[in-house]
Amino acid sequence: MKLRTHFVFSVGLLVLVSSFVFSSFYFSLLVSSFISVLGNSVIDKLGHREVLTRRGQVPVRTPLTHTLPRSVFWVLSS
């Protein structure tokens, strides 16, 4: 999945959840966008490493951030 797709999905989910807390839609969207970009960027940077293959350097996911409990932990801690 592309990083852009992660951003869009998490913004949508966070706006849905934060709409119960904040009365302003635009403030909810702003906060959700900030959290989404920050959290997904941390997960993306920590969760990939490059492996040397015959085709060159190939990025692969690591279980450090690409499991459900750990990804939630990284988002909440960022």
State which residues pass ring pair (Phe, Tyr, Trp, His ring centres under 6.0 Å) with F27; sequence neighbours excluded, sorted by chain then number. F22
S19: which residues meet the side chain to side chain contact (heavy atoms under 4.5 Å, CB included) condition with it, sequence neighbours left out? none
Residues which pass side chain to side chain contact (heavy atoms under 4.5 Å, CB included) with V51, listed by chain and number, not counting sequence neighbours: R49, T53, V60
Which residues end up grouped with F25 if you chain together Ile, Leu, Val, Met, Phe, Trp and Tyr wherever their side-chain heavy atoms are less than 4.5 Å apart? V11, V15, Y26, L29
Once side chain to side chain donor-acceptor pair (under 3.5 Å) is applied, do any residues pair with S32, and if so which ones, sequence neighbours excluded? S18
Got a second to check how far S33's OG is from L38's CG, nearest 0.5 Å? 12.0 Å
Who are the side chain to side chain contact (heavy atoms under 4.5 Å, CB included) partners of V37, not counting sequence neighbours? F7, S41
Tracing side-chain contacts under 4.5 Å among Ile, Leu, Val, Met, Phe, Trp and Tyr outward from L30 reaches none
